[in-house]
Amino acid sequence: MTPETDEFAGSVRLPRVPADKLRTLTEIRPWRWLCDMALDWTVILLAAWMAERLRHPLAYLLAVILIGVRFHALAVLMHDATHYRLFKNRRWNEIVGELLAWSLLITLRGYRKNHFAHHRDLNTDRDPDWVRKRDDPYYALPQDRKGVTILLLKGLCGLRFFTEARNVARAKQLRQVPRSLKITRAVFYAAILAAAAYWHLWPLLLKYWIVPSMTSFAFLLYVRSLAEHHGGTMVYDGDMLTGSRHLDATWWEKFLLAPHNVHYHVDHHLYPAVPYYNLPRLHALLLAQP
C-alpha cells in the first residue's frame with residue numbers, strides 16, 4: 001500500500017531551505033491558530049446574531065457571505081491539522097482536526113488520504129483531485145467572459161455544491177475511514193440534530209450552517225481550487241513549480257478569498273511541514289534563491 005505521507009514523489013530537484021532555518025519555520029505554536037480559530041468563530045456568531053437582530057434580507061445576505069468566508073478560514077485550519085501542524089501532540093491534533101472537519105461536513109482522516117495523494121503525485125493520474133476535476137465542466141477553462149460568469153453564478157447559487165457533493169461521494173479516499181470514526185461522527189451529527197429539535201433551532205441551523213455551506217463556502221472553495229491548480233495550461237510536466245500557483249493578495253482579498261496565508265500555495269507544496277503562519281517567511285527565503 002502507498003504510505004500515508006505528504007512527501008512529493010516526483011524526481012525533480014526542488015528549492016531547498018537551510019536545515020537550521022527550516023527547523024525554525026516548522027515549529028508549531030498552538031496559540032497562533034487558537035487565536036485565529038477564536039476570531040473565525042467570533043465573526044460567524046456575530047454575523048448570525050446581527051442578521052437575527054436586524055431581520056433584513058440584506059443583513060442575512062451579508063451574514064451568509066461572512067459565514068462562508070470564515071468557514072473557508074476554518075477549512076484552512078483543518079488543512080493544517082491534516083499535515084499535523086496544529087499540535088505537537090498527535091492525539092490532540094486529530095481530535096481538534098476532526099471536529100473542524102465535521103463542522104465542514106467531511107472527515108479529517110478521509111481528507112488526509114485524498115490530500116496526501118494530491119501532494120505526492122501533483123497533477124498526475126494518481127492525484128485524485130486532478131483526476132476528479134479534469135473532466136468536470138466547472139474546471140473546463142479558459143472560457144470567455146460569459147462562460148466564466150455563468151460558472152461563478154452557479155457556484156454562488158449553490159449548484160456547484162451538488163456537483164462537488166457528488167464528486168466527494170465518488171472519491172474513494174475520502175470514504176476510507178475507520179468504522180469507529182464513522183460511528184462517532186454519526187453520533188456527533190445526531191446530537192446536533194437532537195439539540196436543534198429539542199430547542200427548536202432548526203431555522204438557525206438551516207440559515208447559518210447549511211445555506212452558507214452550500215453557497216458562499218462552496219463558491220470560495222471552487223475559486224481557490226481554480227486558482228491553485230487548474231485552468232489554462234496548468235499541467236504536470238515534471239516540475240512542481242509549474243503544477244501549482246502562488247497568488248499575491250491585498251488585505252481584502254486575504255480576508256475574503258485567501259485566509260490564513262492559503263495563497264502561499266507553491267510554498268506549501270514545497271514544504272508542507274511549515275504551518276500557515278510561517279509561510280510568508282518561507283516565501284521570502286525561497287524568493288532569495290535563483
Side-chain angles (χ1 to χ4, degrees), residues 32-81 96 99-106 138 145-165 168 188-189 192-193 195-197 199-228 247-265 276-277:
R32 284 293 306 271
W33 71 263
L34 281 168
C35 290
D36 285 334
M37 184 173 70
L39 179 61
D40 293 337
W41 279 113
T42 297
V43 173
I44 290 170
L45 294 174
L46 284 177
W49 175 83
M50 174 197 69
E52 286 298 296
R53 185 173 180 83
L54 296 179
R55 296 284 180 174
H56 191 280
L58 289 180
Y60 177 66
L61 177 61
L62 178 60
V64 168
I65 293 172
L66 287 175
I67 292 172
V69 165
R70 295 341 286 172
F71 277 179
H72 185 207
L74 292 174
V76 176
L77 297 182
M78 185 275 297
H79 167 262
D80 257 43
V96 175
L99 289 174
L100 284 171
W102 295 352
S103 68
L104 303 172
L105 306 178
I106 60 175
Y138 281 87
R145 184 175 299 178
K146 178 181 178 182
V148 173
T149 301
I150 291 173
L151 290 176
L152 294 178
L153 287 175
K154 286 181 177 180
L156 278 173
C157 295
L159 295 178
R160 172 63 196 165
F161 173 83
F162 294 104
T163 304
E164 187 61 17
V168 168
F188 171 80
Y189 288 136
I192 290 179
L193 294 177
W199 282 292
H200 304 288
L201 299 176
W202 285 103
L204 297 179
L205 202 65
L206 177 64
K207 289 192 295 184
Y208 303 114
W209 186 15
I210 304 304
V211 171
S213 294
M214 294 178 62
T215 55
S216 54
F217 177 44
F219 170 77
L220 290 169
L221 289 179
Y222 169 56
V223 171
R224 179 161 67 83
S225 181
L226 284 174
E228 290 173 350
L247 297 153
D248 290 326
T250 62
W251 67 268
W252 65 268
E253 289 170 328
K254 292 176 183 178
F255 178 78
L256 290 175
L257 298 168
H260 304 323
N261 295 326
V262 74
H263 55 300
Y264 289 91
H265 203 64
Y276 70 90
Y277 39 80

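For the numbers below, each heavy atom of this structure counts, side chains included, while hydrogens, waters and symmetry mates do not.
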For the CG atom of Leu152 and the CZ atom of Phe219, what is their distance to the nearest 0.5 Å?
5.0 Å
Give a yes or no answer on whether the side chain of Tyr276 reaches the backbone of Tyr264 with a donor-acceptor pair at less than 3.5 Å.
no
Under 3.5 Å, side chain of Thr42 to main-chain N/O of Ala38, donor-acceptor pair present?
yes
From Arg55 CZ over to Arg53 CZ, what is the distance, rounded to the nearest 0.5 angstrom?
11.5 Å
Looking at every non-hydrogen atom in both residues, tell me the closest pair between His263 and Ala249 and how far apart they are.
CD2-CB, 3.8 Å
Do any N or O atoms from the side chain of Trp33 and from the backbone of Tyr277 form a donor-acceptor pair under 3.5 angstrom?
no
Can you see which heavy atom on Trp209 is nearest to which on Ser103, and at what distance?
NE1-O, 2.9 Å
Mind telling me whether Tyr138 and Tyr222 have parallel, tilted or perpendicular rings, with 30° and 60° as the class edges?
perpendicular
I want to check something: taking the side chain as every heavy atom from C-beta on, are Leu193 and Trp202 in contact at a cut-off of under 4.5 Å?
yes
Does any non-hydrogen side-chain atom of Tyr189 lie less than 4.5 Å from one of Leu105?
yes
Given side chain to side chain contact (heavy atoms under 4.5 Å, CB included), test Glu228 with Val262 step by step and report yes or no.
CA-CA 10 Å; Glu228 290 173 350; Val262 74; 4.1 Å; yes
Quick one: pull up CE in Met78 and CG in Leu99 and give me the separation to the nearest 0.5 Å.
12.0 Å
Measuring from Thr215:OG1 to Leu220:CG, what's the distance to the nearest 0.5 Å?
9.0 Å
Say you draw a straight line from CG of Leu256 to OG1 of Thr250; how long is it, rounded to the nearest 0.5 Å?
8.5 Å
Run Thr163 and Lys154 through side chain to side chain contact (heavy atoms under 4.5 Å, CB included) and show every step you take.
CA-CA 10 Å; Thr163 304; Lys154 286 181 177 180; over 6 Å; no
Nearest-0.5 Å distance, OH of residue Tyr60 to CG of residue Leu58
13.0 Å
Full working for side chain to side chain contact (heavy atoms under 4.5 Å, CB included) between Leu221 and Arg160:
CA-CA 10 Å; Leu221 289 179; Arg160 172 63 196 165; over 6 Å; no
So do Asp80 and His260 actually touch side chain to side chain, heavy atoms under 4.5 Å?
no
Going by atom type alone, with no hydrogens or angles, which donor-acceptor pairs under 3.5 Å involve a side-chain atom of residues 62-76 and a protein atom two or more places apart or on another chain?
residue : atom : partner : partner atom : Å
Arg70   : NE   : Asp40   : OD1          : 3.1
Arg70   : NH1  : Phe255  : O            : 3.2
Arg70   : NH2  : Asp40   : OD1          : 2.9
His72   : NE2  : Arg224  : NE           : 2.7

